[in-house]
Number of protein chains: 2
Amino acid sequence: MCQNRFMSNTELLPVLESEAEPCCPPLDERPLTAEEAERTARMFKALGDPVRLRLFSAVASHRNGEACVCDISDVGVSQPTVSHHLKKLKEAGLLSSERRGTWVYYRVEPAVLAAMGAILTKAASV
Amino acid sequence: MCQNRFMSNTELLPVLESEAEPCCPPLDERPLTAEEAERTARMFKALGDPVRLRLFSAVASHRNGEACVCDISDVGVSQPTVSHHLKKLKEAGLLSSERRGTWVYYRVEPAVLAAMGAILTKAASV
DNA sequence: AACCTATTTTGACACATGTCGAACCAACCC
DNA sequence: GGGTTGGTTCGACATGTGTCAAAATAGGTT
């Protein structure tokens, strides 16, 4: 690792910005545009796998909506697979992660979850 | 497929059991079991594709939550593909279909939609 | 340093999925 | 009947996805 003090340590974080919140209107308000559908589908897709759904539910039902990977890894698949799914949930904006010492903690992102719920619940009152 | 009260003919589903509505608890109540996750994921998966989401939104936002295929086929894919996606939405219990004369009408299944919303919105109020 | 545990990444594999054109079925109209 | 329009199914193809074992990384302990 080249830690030359004269080189500015260009730390280019990818800044995984979670896109704005008022993502989309309720599903029954008007037909979604292609872009809206693309964004929204990404979130639903993340919950469209049983293992991911169990992992997400395990994190969400944990104390403070936060859990260590070691607490939720018992879902019947190997640990690399658990890690793979947690990564996907993170990429979809549903979870965030933080390392604290030896362990990595995942936490639910309530805003995104609420947005998904709003899209459905308003639509449910048809 | 938390409930398939009256799906028209094509019964491709294994019909595990006829559990009425309370398909699953909110995601943050307790970790979902494998079977619960399996069932719930199937619904989310159905909305996890942008084309399907647009088709569903088009039906839901139509008058009475019902639309003829010809009214919603303009989503940028071929008509066989539209039919394919509508079938998947139907298999997931989100839509039902009925032929009336020349046209086939798809309609939203509000109970299933409400169940999905409840799973998320209750969880969102953490 | 060497070792251990927790977690992620890599590489490979089988399987599922989205897409299309062509063929097919269903209802209407001449 | 023959023709036309609406919609589904079939067959094929490329791409995506879930899974694992093995290797790699991160932090702690001794």
Side-chain angles (χ1 to χ4, degrees), chain A residues 1 13-14 16 34 37-38 40-56 58-59 62 66-92 94-107, chain B residues 7-14 34 37-38 40-56 58-59 62 66-92 94-107:
Chain A
M1 186 60 77
L13 338 170
L16 184 55
E38 202 81 42
T40 308
R42 221 170 315 180
M43 303 189 297
F44 282 113
K45 191 175 190 178
L47 293 184
D49 176 89
V51 173
R52 277 200 293 276
L53 205 46
R54 290 186 76 188
L55 287 171
F56 185 86
V59 173
H62 223 257
E66 173 181 288
C68 164
V69 176
C70 56
D71 289 328
I72 58 176
S73 298
D74 193 15
V75 287
V77 294
S78 72
Q79 230 249 318
T81 301
V82 168
S83 190
H84 166 73
H85 285 303
L86 288 173
K87 185 179 183 180
K88 289 217 151 190
L89 285 167
K90 199 169 138 184
E91 287 171 358
L94 297 179
L95 293 180
S96 60
S97 72
E98 179 194 0
R99 169 162 229 134
R100 290 207 292 273
T102 305
W103 296 281
V104 177
Y105 291 83
Y106 281 81
R107 164 182 323 184
Chain B
M7 297 186 58
S8 46
N9 63 26
T10 62
E11 189 47 83
L12 305 171
L13 302 172
E38 202 81 41
T40 308
R42 224 169 316 189
M43 302 189 299
F44 283 113
K45 191 175 190 176
L47 294 184
D49 177 88
V51 174
R52 276 200 293 274
L53 205 47
R54 290 186 76 188
L55 287 172
F56 185 88
V59 173
H62 224 258
E66 173 181 286
C68 164
V69 176
C70 56
D71 290 328
I72 59 175
S73 298
D74 192 16
V75 289
V77 295
S78 72
Q79 229 245 320
T81 302
V82 168
S83 192
H84 166 73
H85 285 303
L86 288 173
K87 185 179 182 181
K88 288 218 151 191
L89 287 166
K90 199 168 137 185
E91 287 171 358
L94 296 178
L95 293 179
S96 60
S97 72
E98 179 193 0
R99 170 161 228 135
R100 289 207 292 274
T102 305
W103 297 281
V104 176
Y105 291 84
Y106 280 81
R107 164 183 322 184

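A, B, ... follow the sequence lines: proteins, then strands. Residue 1 opens every chain.
Using a 4.5 Å cut-off on side-chain heavy atoms (C-beta onward), B:L89 and B:V59 make no contact. At a threshold of 4.5 Å between non-hydrogen side-chain atoms, the residues A:H85 and A:T81 count as touching. Considering only heavy atoms from C-beta on, B:E66 stays 4.5 Å or farther from B:H62 through its side chain.
Spacing between atom NE2 of A:H85 and atom C1' of D:dG18 amounts to 6 Å, rounded to whole angstrom units. Between the CG atom of B:L89 and the C1' atom of D:dT8 there is a distance of 15 Å, given to the nearest Å. Here D:dT5 presents its P atom at 14 Å from CD of B:Q79, a figure rounded to the nearest Å. The CD atom of A:E98 sits 15 Å away from the C1' atom of D:dG27 (whole-angstrom rounding).
Atoms CZ and CG, on A:R52 and A:L95 in that order, are 11.0 Å from each other to the nearest 0.5 Å. Interatomic distance, B:K90 NZ to B:Y106 OH, rounded to the nearest 0.5 Å: 5.0 Å. Atom NZ of B:K45 is separated from atom CG of A:L53 by 12.0 Å, given to the nearest 0.5 angstrom.
Within residues 100-107 of chain A, the residues that place at least one heavy atom under 4.0 Å from DNA chain D are, in residue-number order, A:G101, A:T102. Using a 4.0 Å cutoff on non-hydrogen atoms, the parts of residues 69-78 of chain A near DNA chain D are A:V77, A:S78, ordered by number.
Across every non-hydrogen atom of A:P50 and B:A37, the tightest pair is O-CB, 3.5 Å. Minimum heavy-atom separation, A:Q79 to A:S73: NE2-OG, 3.8 Å. Nearest heavy atoms, A:L94 versus A:M43: CD1-O, 4.1 Å.
Here chain A contacts DNA chain C (any atom closer than 4.0 Å to a heavy atom, that is under 4.0 Å), and the contacts span C:dA6 to C:dT9 from 5' to 3'.
At a threshold of 4.0 angstrom between heavy atoms, the contacts of A:V51 are confined to the sugar-phosphate backbone, with no base atom among them.
For residues 72-88 of chain A, the set of pairs meeting the salt bridge (Lys or Arg N to Asp or Glu O under 4.0 Å) definition, not counting sequence neighbours, is empty.
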Tabulate protein N/O versus nucleotide N/O from nucleotides 14-17 of chain D, keeping only pairs under 3.5 Å, one per line.
from, atom 1, to, atom 2, distance (Å)
D:dT17, OP1, A:K45, NZ, 2.4

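Considering B:V75, B:V77, B:V82, B:I72 as possible partners of B:R54, the one that fulfils the side chain to side chain contact (heavy atoms under 4.5 Å, CB included) test is B:V75.
In this structure, the side-chain contact (heavy atoms from CB on, under 4.5 Å) partners of B:C68, at least two apart in sequence or on a different chain, are B:C70, B:D71, B:W103, B:Y105.
Comparing A:P80 and A:R99, the nucleotide of DNA chain C nearest to each residue sits closer to the 5' end for A:R99.
Side-chain atoms of B:R99 come within 3.5 Å of backbone N or O of B:G101 as a donor-acceptor pair.
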